[in-house]
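None of these values were measured; they are calculated from a predicted model. Residue numbering restarts at 1 for every chain, and letters A, B, ... go by the order of the sequence lines.
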4 protein chains.
Amino acid sequence: MARKPAEQTVHREEIVRAAAEVFHHKGYRGATMSDIAATVNLTAGSLYHHFPSKEELLIAVLDAGMTQIIAATQAIVQSDAPPADKLRAIARAHISGIITHHHIAVAVIFESRALLEKPGVRAPYVRQRDTLERLYRQVVEEGIAAGAFRALDVGIFVKAFFGALNWVSVWYREDGRLSEREIADEIANTFLAALTKV
Amino acid sequence: MARKPAEQTVHREEIVRAAAEVFHHKGYRGATMSDIAATVNLTAGSLYHHFPSKEELLIAVLDAGMTQIIAATQAIVQSDAPPADKLRAIARAHISGIITHHHIAVAVIFESRALLEKPGVRAPYVRQRDTLERLYRQVVEEGIAAGAFRALDVGIFVKAFFGALNWVSVWYREDGRLSEREIADEIANTFLAALTKV
Amino acid sequence: MARKPAEQTVHREEIVRAAAEVFHHKGYRGATMSDIAATVNLTAGSLYHHFPSKEELLIAVLDAGMTQIIAATQAIVQSDAPPADKLRAIARAHISGIITHHHIAVAVIFESRALLEKPGVRAPYVRQRDTLERLYRQVVEEGIAAGAFRALDVGIFVKAFFGALNWVSVWYREDGRLSEREIADEIANTFLAALTKV
Amino acid sequence: MARKPAEQTVHREEIVRAAAEVFHHKGYRGATMSDIAATVNLTAGSLYHHFPSKEELLIAVLDAGMTQIIAATQAIVQSDAPPADKLRAIARAHISGIITHHHIAVAVIFESRALLEKPGVRAPYVRQRDTLERLYRQVVEEGIAAGAFRALDVGIFVKAFFGALNWVSVWYREDGRLSEREIADEIANTFLAALTKV
DNA sequence: CATGAATGAGAGTTCATTCAT
DNA sequence: GATGAATGAACTCTCATTCAT
């Protein structure tokens, strides 16, 4: 009772991207499997050949986003640049990630909440989130230890930094006044200024 | 065929609070009218005597949140304290609002997105958001004009400040290491340090 | 977005009867909630005001059937008629039940299998089934003890009796050659003859 | 894009057995083509190289069951054993069939109902069922004619016999108290006792 | 004002079936 | 022959909303 010329095989990654886009625009609950399927020229039913459920699709989106930013951040943290440069690089990477993979970023930042109730599902995501936070902390602590930054509450500082960076996903417009790089640097400057010893 | 002791008339405000709570925990789309009704010991049908739709309920929640924080911020901005004190007071008010009216705050920050598509509905909310941002800007510009703060990109600074403050709603725990006041001051200090002239 | 003149309230029992009918004709899995709803002039969604799931509907059907026949059998077993009369009365009650509540009977006999996998659901049904079998056994054992029946394997005898009676639900036609009563008596005679001492 | 060691060609009969097993455990509607395919290490799509539809698969299962038991019964009926021996042999063959080909038997007894609506499909099955019943009748009528059995309603008697035998499929357990043979003989004895002239 | 039954429009998911490879 | 991707129809269940009582 069905079949199709199958223009070409649809790959997992494409579907994840499509899902992120729809999750971004309609929210996880507001997005329908049909919406997502249509984005990759499939029907809702066909999606289930690739992902066993809508939830699994969200998990894949979150994982893609977290994996990407953790990798980028890790590379920076492990480099031997001075702490201030690392912090600036982190801001650039974060914002670049948010803008380049805008849909995924917004899904990670805003739609992860839909998953945080389910313990089994929550755990891996929280682990990634903590890993990322630890990397940020590490840079600040390094800087303080090296005497480059003033001593302050690292926990709060990092969370504030995080909040400021993530918030970019809310207000960024492609046709805005500043470029991605300028935004990143301006935010980095703000936080670096706060870290500077008097 | 139905009656009830009707413990007491349920007021609008109670319902708004209940709605905020449910929106917080389940998200706007995940929340059902039944969930909200049950929180105030009503049935879903009865809710419609107070609010014409679920959307209106969200609008009311957002409005309550925005009105409260705008009023608080306005009072601070209009005072004649020095800019640095105003900024600290704003941070305290913002975080206090987020914590005291946690459900509402999270709804405003995270669930407003569910409404942003509908133009007719979006407009009033966006107006309030802009009003609030303008107030924040005003304080920073005042400080710069007065020579108390260094000149920087006010737009980005305010958005970063906003992001850092709003993000508190994500990570704040009642049993956390720091008090509400300490958190606010630590964040304010960070941003004030960034504003300080060298 | 909906409502109805509500011709009259639909009662639980009506729905159970309707469900039994549809289960009989289409089988449990083949029956749709729409089918059942239509039988009582409702929509599928409305059914959920009365029963939380299709499974619960099947449970209710099975329970109705088992409760009825157990009650009828219990009354007979507890009477002080001679064992042979009890056996005949049991056959009559069984077959009368099968024919009067044909849909329910067929559902109990044939569709209970759909439930037997789920342990939590299976247990109550199995308990009822065992209760009924015990009642049948009791009559035969009584007869043997009283010397009215010859000694034989009661377990097998009762199961054979059961099978013969239940099977009536498969072949009975309203316009058949024999009446309900004649069928019951003929089967009872067969089994009584088998019980008679030589 | 796909290949497989193809352990060996899968034969029709294997698939029929697999289908019977799955039909037994999940019912006709509850069984999926995937379930059946997996049982013979195939995928659902491959099944269609052997059978044109799920329905045909059920038909094949029913036919296999009916053909087997009719053949076995026919051999017994055509022998020149005395009627009582034939009846006992029939019971043994019936129960042996039910136990040896348990899945098929249960499918025939319980799942044939799923097909009885479709006239084109129903006819052949009903024909076989009638053939079998006629064979049973024949034995009883022979016995009555020969004066070995008392005269009774042959139609009802045969149906009761059938029901008792088929019902074994519901309660038989491999680890039960009695062997297959003992069960068959006990049931046969019951019905033979009922046939005995006083 | 409150209730609860009812609706109808989906939503996620399943599955028999088809077909290019 | 076998595979797996794809389809589309169907199904169970949910829910915002309405309204008679």
Side-chain angles (χ1 to χ4, degrees), chain A residues 1-11 29-37 41-55 57, chain B residues 1-10 29-37 41-55 57, chain C residues 1-11 29-37 41-55 57, chain D residues 1-6 9-10 29-37 41-55 57:
Chain A
M1 232 170 229
R3 141 230 41 85
K4 214 196 106 187
E7 320 216 342
Q8 78 188 69
T9 305
V10 178
H11 296 300
R29 315 244 359 183
T32 73
M33 291 302 265
S34 260
D35 291 336
I36 298 168
N41 282 313
L42 284 183
T43 63
S46 306
L47 235 41
Y48 287 83
H49 276 281
H50 304 278
F51 288 89
S53 71
K54 189 181 170 186
E55 186 176 295
L57 220 29
Chain B
M1 213 171 230
R3 218 74 283 286
K4 219 197 93 190
E7 319 217 342
Q8 77 188 73
T9 305
V10 177
R29 318 262 327 204
T32 73
M33 290 301 264
S34 257
D35 291 335
I36 298 168
N41 284 312
L42 286 182
T43 62
S46 308
L47 234 42
Y48 287 83
H49 287 292
H50 303 274
F51 286 88
S53 72
K54 188 180 169 186
E55 188 176 290
L57 222 29
Chain C
M1 234 168 228
R3 141 231 40 89
K4 215 195 108 190
E7 319 217 343
Q8 77 187 71
T9 304
V10 178
H11 295 299
R29 313 237 11 176
T32 74
M33 291 301 266
S34 258
D35 292 336
I36 298 168
N41 281 313
L42 284 182
T43 63
S46 307
L47 236 41
Y48 287 83
H49 275 283
H50 304 276
F51 287 89
S53 70
K54 189 181 169 186
E55 187 176 293
L57 219 30
Chain D
M1 213 170 232
R3 217 77 281 288
K4 219 196 93 189
T9 305
V10 177
R29 316 266 322 208
T32 73
M33 291 300 266
S34 258
D35 291 336
I36 298 168
N41 283 314
L42 285 183
T43 61
S46 308
L47 236 42
Y48 286 82
H49 286 292
H50 303 275
F51 287 88
S53 71
K54 189 180 169 186
E55 188 176 291
L57 222 29

Looking only at F/dA6, E/dA6, F/dA16, the nucleotide nearest the B/Met33 side chain is F/dA16
For E/dG4, take OP1 and OP2 only and decide whether either is under 4.0 Å from a side-chain N or O of B/Thr43. no
Rounded to whole angstrom units, what separation is found between the CZ atom of B/Phe51 and the P atom of E/dC1? 13 Å
5'-most contact on DNA chain F: D/Gly45 or A/Gly45, nearest heavy atom basis? D/Gly45
Which nucleotide in the set F/dT17, F/dT7, F/dC15 lies at the smallest distance from any side-chain heavy atom of A/Ser46? F/dT7
Whole-Å distance between F/dG4 C1' and A/His11 NE2? 13 Å
Measure across B/Arg29 and B/Lys54 and return the closest heavy-atom pair with its distance rounded to 0.1 Å. O-NZ, 3.6 Å
Nucleotide-level pairing of DNA chain E, given in dot-bracket where Watson-Crick and G-U pairs need both distances under 3.5 Å and | marks other strands: .||||||||||||||||||||
Distance, rounded to the nearest Å, where C/Leu42 contributes CG and E/dG8 contributes P: 11 Å
Of all the choices, E/dT13, E/dT17, F/dT12, which nucleotide is nearest to the side chain of C/Tyr48 once you look at every atom? F/dT12
Minimum heavy-atom distance between D/Asp35 and D/Gly30, given as atom pair plus value: OD2-O, 4.1 Å
Taking any heavy-atom pair under 4.0 Å as a contact, classify C/Ser34: base, sugar-phosphate, or nothing. nothing
Tell me which of B/Leu47 and A/Lys54 sits closer to the 5' end of DNA chain E, going by the nucleotide each one is nearest to. B/Leu47
D/Ser34: side chain to side chain donor-acceptor pair (under 3.5 Å) partners, not counting sequence neighbours: none
Mind checking side chain to side chain contact (heavy atoms under 4.5 Å, CB included) for C/Ser53 and listing every partner two or more places apart, or none if nothing turns up? C/Glu55, C/Glu56
In whole Å, what is the span from the CG atom of A/Leu57 to the P atom of E/dT13? 10 Å
Taking any heavy-atom pair under 4.0 Å as a contact, classify B/Ala37: base, sugar-phosphate, or nothing. nothing
Tell me: CG of D/Asn41 to P of F/dG1, nearest whole Å? 17 Å
If you only use heavy atoms from C-beta on, which nucleotide in F/dT17, E/dT13, E/dT7 is closest to the side chain of A/Ser53? E/dT13
Rounded to the nearest 0.5 angstrom, the CG-NE2 distance for C/Leu42 and C/His49 is 10.0 Å
D/Ala44 side chain: which of F/dT17, E/dT17, E/dG12 is closest? E/dT17
If you round to the nearest 0.5 Å, how far is CD1 of B/Ile36 from CG of B/Leu47? 6.5 Å
How close or far is atom C1' of F/dA10 from atom CZ of D/Arg29, stated in whole angstroms? 10 Å
For F/dA2, does OP1 or OP2 lie under 4.0 Å from any side-chain N or O of D/His50? yes
C/His49 NE2 - F/dT18 P separation (whole Å): 15 Å
